[in-house]
J.: 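Below is one structure. I have some questions about it.
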Amino acid sequence: MHYFNSRYPLYQKGNPQLRVFLSNFWMKLIRPEYKQPPNIVQFHCSMEMTKHDIKSYLDKIYNVKCVNVRTRIALGKTREEPGRGYVIKDDDYKIAYVILPKEHKFEFPNLFPESKEKEKEDHDKALDEMKKHHQNYLEKNRDRPGLPGWFSF
Amino acid sequence: MSLLNNIYNQLRISHKYVNRLFKERSCYISTSPIMRDLMEFFDDKKNWGATEVKTGRSWTKDDLRIKSNTDLHKLWYVLLKEKNMLYTMEHEHNDQVRLFPSPERLDKVLDSMENLEEVVRERNRAYYELETTEIGEQTHKTITGPFGLEIDYYETEHSIPKEVNAQWQKEQNTKCRPEDVKSFLLKYKEKEYLQNKKQQRRNFNHVIGLLNRFPKMDMEALKEQYPDVDIEKAKASRKYKPPLVFD
(Lines give C-alpha, C1' and ligand atoms only; values in the text may rest on other atoms or scores of the structure.)
Protein backbone atom coordinates (compact mmCIF):
# COMPACT_ATOMS: atom_id res chain seq x y z
CA MET A 1 0.00 0.00 0.00
CA HIS A 2 3.05 2.19 -0.25
CA TYR A 3 1.91 3.95 -3.38
CA PHE A 4 -1.48 5.15 -2.25
CA ASN A 5 -0.25 6.33 1.12
CA SER A 6 2.86 8.21 0.19
CA ARG A 7 2.32 9.74 -3.20
CA TYR A 8 -0.51 12.14 -3.22
CA PRO A 9 0.44 15.30 -5.14
CA LEU A 10 0.80 18.30 -2.86
CA TYR A 11 -0.48 20.63 -5.51
CA GLN A 12 -2.60 20.01 -8.57
CA LYS A 13 -3.71 22.51 -11.13
CA GLY A 14 -6.95 24.14 -10.06
CA ASN A 15 -6.38 22.90 -6.49
CA PRO A 16 -9.22 20.35 -6.59
CA GLN A 17 -10.88 18.77 -3.61
CA LEU A 18 -9.23 15.58 -2.35
CA ARG A 19 -10.69 12.48 -3.92
CA VAL A 20 -9.95 8.96 -2.74
CA PHE A 21 -10.66 6.34 -5.36
CA LEU A 22 -9.48 3.20 -3.61
CA SER A 23 -9.71 3.84 0.10
CA ASN A 24 -7.66 1.51 2.27
CA PHE A 25 -9.05 2.61 5.62
CA TRP A 26 -10.62 -0.09 7.76
CA MET A 27 -13.27 0.18 10.48
CA LYS A 28 -14.65 -2.41 12.81
CA LEU A 29 -17.80 -2.19 14.85
CA ILE A 30 -17.22 -3.25 18.44
CA ARG A 31 -19.35 -4.02 21.44
CA PRO A 32 -19.30 -0.97 23.75
CA GLU A 33 -17.38 -1.58 26.95
CA TYR A 34 -19.67 0.64 29.02
CA LYS A 35 -23.37 1.27 28.62
CA GLN A 36 -24.08 3.91 25.97
CA PRO A 37 -27.21 5.70 24.73
CA PRO A 38 -28.95 3.64 22.00
CA ASN A 39 -27.91 5.98 19.18
CA ILE A 40 -24.14 5.78 19.86
CA VAL A 41 -22.10 3.19 17.98
CA GLN A 42 -18.51 2.39 18.81
CA PHE A 43 -15.85 1.62 16.21
CA HIS A 44 -12.16 0.86 16.03
CA CYS A 45 -10.61 2.41 12.94
CA SER A 46 -7.37 3.10 11.12
CA MET A 47 -5.08 5.40 13.07
CA GLU A 48 -4.87 7.87 10.17
CA MET A 49 -8.62 8.52 9.99
CA THR A 50 -9.94 11.89 11.07
CA LYS A 51 -13.46 12.66 12.26
CA HIS A 52 -14.36 13.93 8.79
CA ASP A 53 -12.94 10.78 7.22
CA ILE A 54 -15.05 8.59 9.50
CA LYS A 55 -18.17 10.58 8.75
CA SER A 56 -17.76 10.45 4.99
CA TYR A 57 -16.60 6.80 5.09
CA LEU A 58 -19.82 5.72 6.80
CA ASP A 59 -21.94 8.00 4.65
CA LYS A 60 -20.49 7.11 1.25
CA ILE A 61 -19.67 3.44 1.70
CA TYR A 62 -22.27 2.21 4.18
CA ASN A 63 -24.98 4.81 3.60
CA VAL A 64 -25.16 5.57 7.31
CA LYS A 65 -25.81 9.19 8.18
CA CYS A 66 -24.31 10.35 11.43
CA VAL A 67 -24.79 13.54 13.41
CA ASN A 68 -21.41 13.71 15.10
CA VAL A 69 -18.24 11.70 15.53
CA ARG A 70 -15.88 11.72 18.50
CA THR A 71 -12.56 9.98 18.50
CA ARG A 72 -9.90 9.10 21.01
CA ILE A 73 -6.68 7.14 20.91
CA ALA A 74 -6.53 4.32 23.43
CA LEU A 75 -3.27 3.08 24.88
CA GLY A 76 -2.32 -0.43 23.87
CA LYS A 77 -1.97 -2.91 26.73
CA THR A 78 1.41 -3.79 28.17
CA ARG A 79 2.03 -7.37 29.13
CA GLU A 80 4.91 -9.57 30.08
CA GLU A 81 6.08 -12.17 27.60
CA PRO A 82 5.49 -15.47 29.39
CA GLY A 83 8.77 -17.25 30.21
CA ARG A 84 10.96 -14.46 28.84
CA GLY A 85 10.38 -11.72 31.34
CA TYR A 86 10.42 -8.71 29.07
CA VAL A 87 7.51 -6.35 28.59
CA ILE A 88 5.59 -6.07 25.33
CA LYS A 89 3.32 -3.17 24.44
CA ASP A 90 0.48 -3.68 21.98
CA ASP A 91 -0.14 -1.01 19.37
CA ASP A 92 -2.34 1.94 20.24
CA TYR A 93 -5.71 2.06 18.53
CA LYS A 94 -8.23 4.70 17.61
CA ILE A 95 -11.77 4.46 18.95
CA ALA A 96 -14.59 6.36 17.26
CA TYR A 97 -17.91 7.10 18.93
CA VAL A 98 -20.40 7.67 16.14
CA ILE A 99 -23.59 9.46 17.10
CA LEU A 100 -26.57 8.56 14.93
CA PRO A 101 -29.68 10.76 14.62
CA LYS A 102 -31.87 10.73 17.73
CA GLU A 103 -34.57 8.46 16.32
CA HIS A 104 -32.08 5.76 15.22
CA LYS A 105 -31.28 2.89 17.48
CA PHE A 106 -28.54 0.32 17.27
CA GLU A 107 -28.04 -2.61 19.56
CA PHE A 108 -25.01 -4.84 19.22
CA PRO A 109 -26.43 -8.24 18.20
CA ASN A 110 -25.71 -11.51 19.95
CA LEU A 111 -23.56 -13.42 17.42
CA PHE A 112 -23.82 -16.73 19.25
CA PRO A 113 -27.45 -17.93 19.07
CA GLU A 114 -28.74 -20.42 21.66
CA SER A 115 -29.60 -23.18 19.18
CA LYS A 116 -26.11 -23.21 17.67
CA GLU A 117 -24.54 -23.15 21.13
CA LYS A 118 -26.54 -26.21 22.17
CA GLU A 119 -25.61 -28.01 18.96
CA LYS A 120 -21.95 -27.34 19.62
CA GLU A 121 -22.24 -28.53 23.21
CA ASP A 122 -23.85 -31.80 22.08
CA HIS A 123 -21.15 -32.31 19.48
CA ASP A 124 -18.42 -31.75 22.05
CA LYS A 125 -20.09 -34.16 24.45
CA ALA A 126 -20.34 -36.88 21.78
CA LEU A 127 -16.70 -36.36 20.85
CA ASP A 128 -15.61 -36.68 24.48
CA GLU A 129 -17.62 -39.88 24.81
CA MET A 130 -15.99 -41.31 21.69
CA LYS A 131 -12.54 -40.40 22.97
CA LYS A 132 -13.28 -42.13 26.27
CA HIS A 133 -14.45 -45.32 24.52
CA HIS A 134 -11.35 -45.38 22.34
CA GLN A 135 -9.14 -44.91 25.39
CA ASN A 136 -10.92 -47.84 27.08
CA TYR A 137 -10.40 -49.98 23.99
CA LEU A 138 -6.68 -49.15 23.90
CA GLU A 139 -6.40 -49.87 27.64
CA LYS A 140 -8.06 -53.24 27.20
CA ASN A 141 -5.82 -54.29 24.31
CA ARG A 142 -2.57 -53.04 25.76
CA ASP A 143 -1.26 -56.52 26.67
CA ARG A 144 -2.39 -58.29 23.49
CA PRO A 145 -1.40 -56.32 20.43
CA GLY A 146 -2.66 -57.48 17.04
CA LEU A 147 -5.53 -59.56 18.43
CA PRO A 148 -8.79 -59.07 16.47
CA GLY A 149 -11.66 -57.31 18.25
CA TRP A 150 -14.10 -60.25 17.94
CA PHE A 151 -11.78 -62.64 19.84
CA SER A 152 -12.98 -61.78 23.35
CA PHE A 153 -16.35 -61.01 24.89
CA MET B 1 -4.19 11.08 -11.65
CA SER B 2 -5.82 11.46 -15.01
CA LEU B 3 -6.43 7.72 -15.16
CA LEU B 4 -8.23 7.94 -11.86
CA ASN B 5 -10.22 10.89 -13.15
CA ASN B 6 -11.06 8.74 -16.11
CA ILE B 7 -12.36 6.01 -13.79
CA TYR B 8 -14.40 8.60 -11.94
CA ASN B 9 -15.95 9.91 -15.14
CA GLN B 10 -16.72 6.39 -16.31
CA LEU B 11 -18.38 5.71 -13.00
CA ARG B 12 -20.51 8.80 -13.30
CA ILE B 13 -21.53 7.94 -16.82
CA SER B 14 -22.33 4.34 -15.93
CA HIS B 15 -24.46 5.54 -13.02
CA LYS B 16 -26.44 7.80 -15.34
CA TYR B 17 -26.84 4.93 -17.78
CA VAL B 18 -27.98 2.52 -15.12
CA ASN B 19 -30.42 5.05 -13.70
CA ARG B 20 -31.92 5.57 -17.14
CA LEU B 21 -32.16 1.83 -17.66
CA PHE B 22 -33.94 1.44 -14.35
CA LYS B 23 -36.34 4.25 -15.14
CA GLU B 24 -37.30 2.57 -18.39
CA ARG B 25 -37.87 -0.82 -16.81
CA SER B 26 -39.08 0.28 -13.42
CA CYS B 27 -42.35 -1.50 -13.99
CA TYR B 28 -40.61 -4.88 -14.31
CA ILE B 29 -38.15 -4.94 -11.43
CA SER B 30 -38.03 -3.46 -7.98
CA THR B 31 -35.06 -1.16 -7.48
CA SER B 32 -35.30 -0.50 -3.77
CA PRO B 33 -31.84 -0.93 -2.28
CA ILE B 34 -31.18 -3.48 0.43
CA MET B 35 -31.06 -1.37 3.58
CA ARG B 36 -28.70 -3.22 5.85
CA ASP B 37 -26.78 -0.17 7.07
CA LEU B 38 -24.76 -1.05 10.12
CA MET B 39 -25.65 -4.73 9.90
CA GLU B 40 -23.26 -4.85 6.95
CA PHE B 41 -20.51 -4.95 9.56
CA PHE B 42 -21.72 -8.41 10.55
CA ASP B 43 -21.74 -11.71 8.73
CA ASP B 44 -24.85 -13.36 7.29
CA LYS B 45 -27.21 -14.39 10.05
CA LYS B 46 -26.98 -18.06 9.02
CA ASN B 47 -23.23 -18.00 9.69
CA TRP B 48 -23.59 -16.82 13.26
CA GLY B 49 -22.21 -19.44 15.60
CA ALA B 50 -21.10 -21.69 12.73
CA THR B 51 -17.89 -23.68 13.11
CA GLU B 52 -16.95 -23.43 9.45
CA VAL B 53 -17.82 -21.03 6.63
CA LYS B 54 -17.04 -22.34 3.18
CA THR B 55 -15.64 -19.88 0.65
CA GLY B 56 -14.05 -19.92 -2.80
CA ARG B 57 -10.58 -18.77 -3.76
CA SER B 58 -9.26 -15.23 -3.82
CA TRP B 59 -9.21 -13.02 -6.95
CA THR B 60 -6.02 -13.58 -8.93
CA LYS B 61 -4.30 -10.96 -11.05
CA ASP B 62 -5.35 -12.79 -14.21
CA ASP B 63 -8.99 -12.64 -13.11
CA LEU B 64 -8.74 -8.92 -12.51
CA ARG B 65 -6.85 -7.98 -15.66
CA ILE B 66 -9.87 -8.72 -17.84
CA LYS B 67 -12.16 -6.47 -15.78
CA SER B 68 -12.96 -2.87 -16.61
CA ASN B 69 -11.88 0.03 -14.41
CA THR B 70 -15.45 0.48 -13.20
CA ASP B 71 -15.72 -3.15 -12.21
CA LEU B 72 -12.44 -2.98 -10.34
CA HIS B 73 -13.60 0.12 -8.50
CA LYS B 74 -16.81 -1.61 -7.43
CA LEU B 75 -14.99 -4.80 -6.48
CA TRP B 76 -12.56 -2.84 -4.29
CA TYR B 77 -15.43 -1.57 -2.16
CA VAL B 78 -17.05 -5.01 -1.99
CA LEU B 79 -13.74 -6.37 -0.72
CA LEU B 80 -13.31 -3.45 1.68
CA LYS B 81 -16.73 -4.12 3.22
CA GLU B 82 -15.92 -7.81 3.48
CA LYS B 83 -12.65 -6.96 5.22
CA ASN B 84 -14.41 -4.70 7.73
CA MET B 85 -17.00 -7.39 8.35
CA LEU B 86 -14.32 -10.02 8.99
CA TYR B 87 -12.39 -7.68 11.31
CA THR B 88 -15.59 -7.02 13.28
CA MET B 89 -16.41 -10.71 13.56
CA GLU B 90 -12.86 -11.60 14.54
CA HIS B 91 -12.80 -8.94 17.24
CA GLU B 92 -16.12 -10.08 18.70
CA HIS B 93 -15.04 -13.75 18.66
CA ASN B 94 -11.81 -12.87 20.45
CA ASP B 95 -13.72 -10.78 22.98
CA GLN B 96 -16.13 -13.62 23.77
CA VAL B 97 -13.27 -16.16 23.80
CA ARG B 98 -14.57 -18.16 20.84
CA LEU B 99 -12.84 -19.66 17.85
CA PHE B 100 -13.23 -17.42 14.78
CA PRO B 101 -14.55 -19.73 12.01
CA SER B 102 -12.51 -19.98 8.78
CA PRO B 103 -9.92 -17.26 9.44
CA GLU B 104 -8.44 -17.90 5.98
CA ARG B 105 -11.25 -15.69 4.60
CA LEU B 106 -9.35 -12.67 5.83
CA ASP B 107 -6.17 -13.77 4.06
CA LYS B 108 -8.14 -14.31 0.86
CA VAL B 109 -9.65 -10.83 1.00
CA LEU B 110 -6.31 -9.16 1.74
CA ASP B 111 -4.68 -11.14 -1.06
CA SER B 112 -7.43 -10.09 -3.47
CA MET B 113 -7.07 -6.43 -2.50
CA GLU B 114 -3.33 -6.58 -3.01
CA ASN B 115 -3.81 -8.13 -6.44
CA LEU B 116 -6.42 -5.55 -7.39
CA GLU B 117 -4.16 -2.69 -6.39
CA GLU B 118 -1.31 -4.17 -8.39
CA VAL B 119 -3.54 -4.42 -11.48
CA VAL B 120 -4.64 -0.78 -11.13
CA ARG B 121 -1.00 0.26 -10.75
CA GLU B 122 -0.11 -1.75 -13.84
CA ARG B 123 -2.69 0.17 -15.85
CA ASN B 124 -1.57 3.47 -14.40
CA ARG B 125 2.05 2.71 -15.28
CA ALA B 126 1.13 1.69 -18.82
CA TYR B 127 -0.92 4.86 -19.29
CA TYR B 128 1.85 7.14 -18.03
CA GLU B 129 4.52 5.40 -20.07
CA LEU B 130 2.42 5.88 -23.16
CA GLU B 131 1.64 9.51 -22.46
CA THR B 132 4.78 10.81 -20.78
CA THR B 133 7.39 8.01 -21.30
CA GLU B 134 7.77 7.83 -17.50
CA ILE B 135 6.09 5.48 -15.06
CA GLY B 136 3.87 7.79 -13.08
CA GLU B 137 4.97 6.51 -9.68
CA GLN B 138 7.10 7.80 -6.89
CA THR B 139 10.71 7.66 -8.08
CA HIS B 140 13.47 6.42 -5.83
CA LYS B 141 17.22 6.16 -6.07
CA THR B 142 19.98 4.60 -4.00
CA ILE B 143 22.17 7.10 -2.16
CA THR B 144 24.96 6.73 0.37
CA GLY B 145 23.55 7.29 3.84
CA PRO B 146 25.27 8.92 6.81
CA PHE B 147 26.82 5.59 7.91
CA GLY B 148 28.32 4.88 4.50
CA LEU B 149 25.66 2.31 3.63
CA GLU B 150 23.49 2.46 0.55
CA ILE B 151 19.89 3.39 1.27
CA ASP B 152 16.76 3.89 -0.81
CA TYR B 153 15.74 7.52 -1.09
CA TYR B 154 12.12 8.08 -2.10
CA GLU B 155 11.69 11.43 -3.77
CA THR B 156 8.77 13.47 -2.45
CA GLU B 157 7.17 16.74 -3.36
CA HIS B 158 8.19 19.83 -1.39
CA SER B 159 6.47 23.17 -1.23
CA ILE B 160 9.74 25.08 -1.87
CA PRO B 161 12.69 24.29 -4.15
CA LYS B 162 15.64 22.50 -2.59
CA GLU B 163 18.05 25.40 -3.17
CA VAL B 164 16.18 27.47 -0.59
CA ASN B 165 15.07 24.62 1.64
CA ALA B 166 17.54 25.04 4.51
CA GLN B 167 16.14 22.21 6.60
CA TRP B 168 16.34 19.70 3.76
CA GLN B 169 19.89 20.82 2.96
CA LYS B 170 20.85 20.30 6.59
CA GLU B 171 19.33 16.81 6.57
CA GLN B 172 21.32 15.92 3.48
CA ASN B 173 24.57 17.13 5.02
CA THR B 174 24.35 15.13 8.22
CA LYS B 175 27.43 12.96 7.93
CA CYS B 176 29.43 11.06 10.49
CA ARG B 177 33.19 11.51 10.92
CA PRO B 178 34.96 9.83 7.97
CA GLU B 179 37.28 7.82 10.25
CA ASP B 180 34.30 6.49 12.20
CA VAL B 181 32.47 5.57 9.01
CA LYS B 182 35.57 3.75 7.74
CA SER B 183 36.03 1.67 10.87
CA PHE B 184 32.29 0.94 11.05
CA LEU B 185 32.20 -0.22 7.45
CA LEU B 186 35.23 -2.45 8.02
CA LYS B 187 33.53 -4.16 10.96
CA TYR B 188 30.17 -4.28 9.19
CA LYS B 189 31.66 -5.94 6.12
CA GLU B 190 33.61 -8.40 8.26
CA LYS B 191 30.42 -9.37 10.03
CA GLU B 192 28.61 -9.80 6.73
CA TYR B 193 31.49 -11.87 5.32
CA LEU B 194 31.58 -14.15 8.35
CA GLN B 195 27.82 -14.61 8.26
CA ASN B 196 27.98 -15.65 4.62
CA LYS B 197 30.87 -18.00 5.33
CA LYS B 198 28.98 -19.61 8.21
CA GLN B 199 25.87 -20.03 6.10
CA GLN B 200 27.93 -21.63 3.31
CA ARG B 201 29.56 -24.10 5.70
CA ARG B 202 26.22 -24.95 7.25
CA ASN B 203 24.70 -25.60 3.82
CA PHE B 204 27.69 -27.73 2.81
CA ASN B 205 27.40 -29.92 5.91
CA HIS B 206 23.65 -30.12 5.54
CA VAL B 207 24.01 -31.35 1.96
CA ILE B 208 26.45 -34.07 3.11
CA GLY B 209 23.92 -35.11 5.75
CA LEU B 210 21.17 -35.27 3.13
CA LEU B 211 23.37 -37.35 0.82
CA ASN B 212 24.14 -39.76 3.66
CA ARG B 213 20.50 -40.21 4.56
CA PHE B 214 18.98 -40.20 1.07
CA PRO B 215 21.56 -41.54 -1.42
CA LYS B 216 19.02 -41.80 -4.25
CA MET B 217 17.97 -38.18 -4.01
CA ASP B 218 17.17 -36.04 -7.05
CA MET B 219 20.52 -34.29 -7.62
CA GLU B 220 19.03 -31.61 -9.86
CA ALA B 221 16.61 -30.51 -7.15
CA LEU B 222 19.44 -30.49 -4.60
CA LYS B 223 21.58 -28.33 -6.86
CA GLU B 224 18.66 -25.95 -7.35
CA GLN B 225 18.02 -25.58 -3.64
CA TYR B 226 21.67 -25.19 -2.63
CA PRO B 227 23.33 -23.48 -5.62
CA ASP B 228 26.42 -22.45 -3.65
CA VAL B 229 27.31 -26.04 -2.64
CA ASP B 230 29.67 -28.02 -4.87
CA ILE B 231 28.18 -31.51 -4.73
CA GLU B 232 31.32 -33.23 -6.10
CA LYS B 233 33.32 -31.58 -3.35
CA ALA B 234 30.74 -32.66 -0.78
CA LYS B 235 31.07 -36.27 -1.95
CA ALA B 236 34.85 -36.07 -1.61
CA SER B 237 34.52 -35.05 2.05
CA ARG B 238 35.44 -37.56 4.76
CA LYS B 239 32.03 -36.95 6.36
CA TYR B 240 30.33 -38.44 3.28
CA LYS B 241 29.46 -42.01 4.29
CA PRO B 242 26.54 -43.26 2.20
CA PRO B 243 24.81 -46.45 3.41
CA LEU B 244 25.43 -49.66 1.46
CA VAL B 245 22.79 -50.22 -1.20
CA PHE B 246 21.87 -53.81 -2.12
CA ASP B 247 20.02 -53.67 -5.40
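Chain naming here is simple, since letters A, B, ... match the order of the sequence lines and numbering starts at 1 in each. In this text, all values refer to a predicted model and were calculated from it rather than measured experimentally. These numbers come from the heavy atoms of this one structure, side chains and all, not from hydrogens, waters or symmetry mates.
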J.: Could you look at B:Q96 and say if it's the side chain, the backbone, both or neither that has a heavy atom under 4.5 Å from chain A?
T.: side chain

J.: Can you name the closest pair of heavy atoms from B:L38 and A:V41 and give their distance?
T.: CD1-CG2, 3.8 Å

J.: Does any heavy atom of chain A fall under 4.5 Å from the side chain of B:N84, the backbone, both, or neither of them?
T.: both

J.: Residue by residue, scan residues 107-119 of chain A and write down, ordered by number, those that have a heavy-atom distance under 4.5 Å to chain B; if none do, write 'none'.
T.: A:F108, A:P109, A:N110, A:L111, A:F112, A:P113, A:K116, A:E117

J.: Side chain, backbone, both or neither: which part of A:Y62 has a heavy atom under 4.5 Å from chain B?
T.: both

J.: Do A:F106 and B:M39 come within less than 4.5 Å of each other through their side chains, counting heavy atoms only?
T.: yes

J.: Please report the C-alpha distance between A:F21 and B:N69 in whole Å, then the side-chain angles of each, then the deciding distance to 0.1 Å, and finally whether the side-chain contact (heavy atoms from CB on, under 4.5 Å) criterion is met.
T.: CA-CA 11 Å; A:F21 288 91; B:N69 288 338; over 6 Å; no

J.: Any chance OH of B:Y188 has more than 12 other-residue heavy atoms, nucleotides or ligands included, within less than 6.0 Å?
T.: no

J.: Can you tell me if A:R144 has over 12 outside heavy atoms packed within less than 6.0 Å of its CZ?
T.: yes

J.: Check whether A:H44 gets within reach of chain B through its side chain, its backbone, both or neither, counting any heavy atom under 4.5 Å.
T.: side chain

J.: Tell me, side chain or backbone of B:K45 under 4.5 Å from chain A's heavy atoms, or both, or neither?
T.: neither

J.: Tell me, yes or no, whether the heavy-atom count around A:E33 atom CD, taken from other residues, nucleotides or ligands under 6.0 Å, exceeds 12.
T.: no

J.: For atom CD of B:Q167, is the number of surrounding heavy atoms from other residues, nucleotides or ligands below 6.0 Å larger than 12?
T.: no

J.: Hey, could you give me the CG/CD distance between A:L58 and B:E40, rounded to the nearest 0.5 Å?
T.: 11.0 Å

J.: Checking side-chain contact (heavy atoms from CB on, under 4.5 Å) for the pair B:T88/A:I30: CA distance, chi angles, key distance, verdict?
T.: CA-CA 7 Å; B:T88 302; A:I30 56 161; over 6 Å; no

J.: Within the supplied structure, the quantity of interest is the number of heavy atoms (other residues, nucleotides, ligands) at a distance under 6.0 Å from A:K89 NZ; does it exceed 12?
T.: yes

J.: Is it the case that over 12 heavy atoms from other parts of the model lie below 6.0 angstrom from the CG atom of A:L138?
T.: yes

J.: Where on B:Y77 is there a heavy atom nearer than 4.5 Å to chain A: the side chain, the backbone, both, or neither?
T.: side chain

J.: Which residues pass the salt bridge (Lys or Arg N to Asp or Glu O under 4.0 Å) test with B:R213, sequence neighbours left out?
T.: none

J.: What's the shortest heavy-atom distance between A:L29 and B:F42, and which atoms?
T.: CD1-CE1, 3.9 Å

J.: Quick one: pull up CG in B:L116 and CG in A:L22 and give me the separation to the nearest 0.5 Å.
T.: 7.0 Å

J.: Would you say B:R65 has more than 12 foreign heavy atoms packed within less than 6.0 Å of its CZ?
T.: yes

J.: With rounding to the nearest 0.5 Å, note down the distance linking CG in A:N24 to CG in B:L79.
T.: 13.0 Å

J.: Kindly confirm or rule out a cation-pi arrangement of A:K28 over B:F41, judged by NZ or CZ under 6.0 Å from the six-membered ring centre and within 45° of its axis?
T.: no

J.: With a 4.5 angstrom heavy-atom cut-off, could you sort out which part of A:F25 is near chain B: side chain, backbone, both or neither?
T.: backbone

J.: Kindly check if the number of other-residue, nucleotide or ligand heavy atoms within 6.0 Å of CZ (B:F184) is above 12?
T.: yes

